[in-house]
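What follows is a single structure, written as structure tokens, with notes after it.
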Protein chains: 2
Amino acid sequence: MSDSVGLRERKKAATRAALSAAANRLAIEHGVDHVTVEAIAAAADVSPRTFHNYFSSREEAIVAGVVDWANALTDKLRDRPADEPIWDALLAVLLDSVDDRPEAKARWKAQSEMIMANPSVVASQLAALDGMRRRVAEVVAERTGTDPDRDLYPRLTGGSAAQALKAALDLWISGKTDRGIKELIVEAFELLRAGLPEPSQSR
Amino acid sequence: MSDSVGLRERKKAATRAALSAAANRLAIEHGVDHVTVEAIAAAADVSPRTFHNYFSSREEAIVAGVVDWANALTDKLRDRPADEPIWDALLAVLLDSVDDRPEAKARWKAQSEMIMANPSVVASQLAALDGMRRRVAEVVAERTGTDPDRDLYPRLTGGSAAQALKAALDLWISGKTDRGIKELIVEAFELLRAGLPEPSQSR
DNA sequence: ATCAAATCTTGCAGAAGCCGAAAACATTCG
DNA sequence: CGAATGTTTTCGGCTTCTGCAAGATTTGAT
């Protein structure tokens, strides 16, 4: 049936989604500094106090979409065949998760500009990326038989993959390249897997 | 003479240092949530309003020491001989900058626990690390003849080096290993330079 | 040494964030 | 239905952060 998860849970999820969507949209439209919790709550039709039952800060609500995206990504990573080489699995999941259409690029760009304009939102976005790093490290540890608490390998693999994604996205969004996002991610992964060799300075 | 940099500048630097030291110390002693701007300002003998002339948030003051440390690190990187391979320069600077004595470890540990207990301070610390990443990327670009705005290479190298430092420090502080911090950093760099090969699962 | 300009500190006032407690409301399940 | 449980709201209070203007300090020129 449709209510395998009960009305209550569905309403909570809906409220949370409405709040984060409103926060993100209003921040992009008017700038982070001109959006109050009161306005976000009003847009989602709840009281300001309810906003703080879901998110402990404005920043958290604004980047909630990114967090959800990253969580979905690690879930997909868990679904990959266990015998697939870890880097292949990581690359496949990333390529599958990014949207390379021009509209998506425009959305990312608008969101990115909004985020960059406010240091505390930048910090929250980095926290979201670090959450992804940690979750990826856990999956990497599971799949490679390493220990996320005692080995450097899963930590570094998660961290490097996160940095690869960030580097590729930042460059793509900046408009300083003609290459597509998927192409950039592939290149970033190739660089990592090659051990980031120093380019020969032909000067 | 001693006043090659004017009384005014020296006083400002002293006030800034006193504020960040007080913020850090009080946060470790009483927990971030129990330290008010008022208390920090009182400990540094200035008014609360003056605190906000130096730092735009409590978190910023608490992690200011880390930011300064990271800035010193990139300055040292610039001082390395230009023909030294970039990874050698990075490793040398990191090993030179970390303090591996037991007292230092205890300090790092106390500070780390304080930071972890508060999400917004965690976010600020990650922002500091990202600042280091960006600065390292700039130096890497200078030294390798690449473009920090158009090439993935410096972005990834800076990001990976930052993650290597973070992974090594986190593991060291966690107490889950007997190895020293310098040893861990060396190992992290070796893993990166080898392209993070998947460990063979001998299970 | 004195004065004027530049800079820094401070107090004040106000907008907004954040959180605890308790009342009001909604849903679940017996 | 009705009790138990979970969610939203109202309210009060404290803290953060910022703009502004007045007062204090430093600087550099005369």
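Keep in mind that the numbers below use all heavy atoms, side chains included, and drop hydrogens, waters and symmetry copies.
- Evaluation of atom-type donor-acceptor distances gives a pair under 3.5 Å for the side chain of R8(B) against the base of dT7(C).
- If you measure from atom CG of L19(A) to atom P of dC18(C), you get 14 Å, rounded to the nearest angstrom.
- We find that R25(B) and E29(B) are joined by a salt bridge, their nearest charged nitrogen and carboxylate oxygen being less than 4.0 Å apart.
- Between the NZ atom of K12(B) and the P atom of dT9(C) there is a distance of 7 Å, rounded to whole Å.
- Between dC18(C) and H52(A), a contact under 4.0 Å exists linking OP1 or OP2 to a side-chain N or O.
- Atom-to-atom, NE2 of H34(B) to C1' of dC19(C) comes out at 13 Å; the value is rounded to the nearest Å.
- Of the candidates dG17(C), dT16(D), dT9(D), dG17(C) carries the atom nearest the R58(A) side chain, counting heavy atoms from C-beta on.
- Rounded to an integer number of Å, the gap from N118(A) CG to dA16(C) C1' is 14 Å.
- Between K76(B) and D96(B) a salt bridge is recorded (basic side-chain N to carboxylate O distance below 4.0 Å).
- Phosphate proximity of dA26(C) to K11(A): absent, as no side-chain N or O sits under 4.0 Å from OP1 or OP2.
- R133(A) has a carboxylate O that lies under 4.0 Å from a charged side-chain N of D130(A), or vice versa, which qualifies the two as a salt bridge.
- What separates CG of L26(A) from C1' of dA16(C) is a distance of 16 Å, to the nearest Å.
- Note on Y54(B): every side-chain N or O is 4.0 Å or more away from OP1 and OP2 of dC8(C).
- Spacing between atom CD of E9(A) and atom P of dG6(D) amounts to 11 Å, rounded to whole angstrom units.
- Distance CZ (R10(A)) to P (dT7(D)): 14 Å, rounded to an integer number of Å.
- Looking at every heavy atom in both residues, D149(B) comes nearest to L171(A) through O-CD1, 3.3 Å.
- Side chain to side chain, E198(A) and T144(B) fail the donor-acceptor criterion of an N or O pair below 3.5 Å.
- Across all strands shown, T50(A) has heavy atoms under 4.0 Å from base atoms, whether or not it also approaches the sugar-phosphate.
- Looking at R49(B), its side chain comes within 3.5 Å of the base of dG19(D) through a donor and an acceptor atom.
- Going from atom CD of E38(A) over to atom C1' of dT9(D) covers 14 Å, rounded to whole Å.
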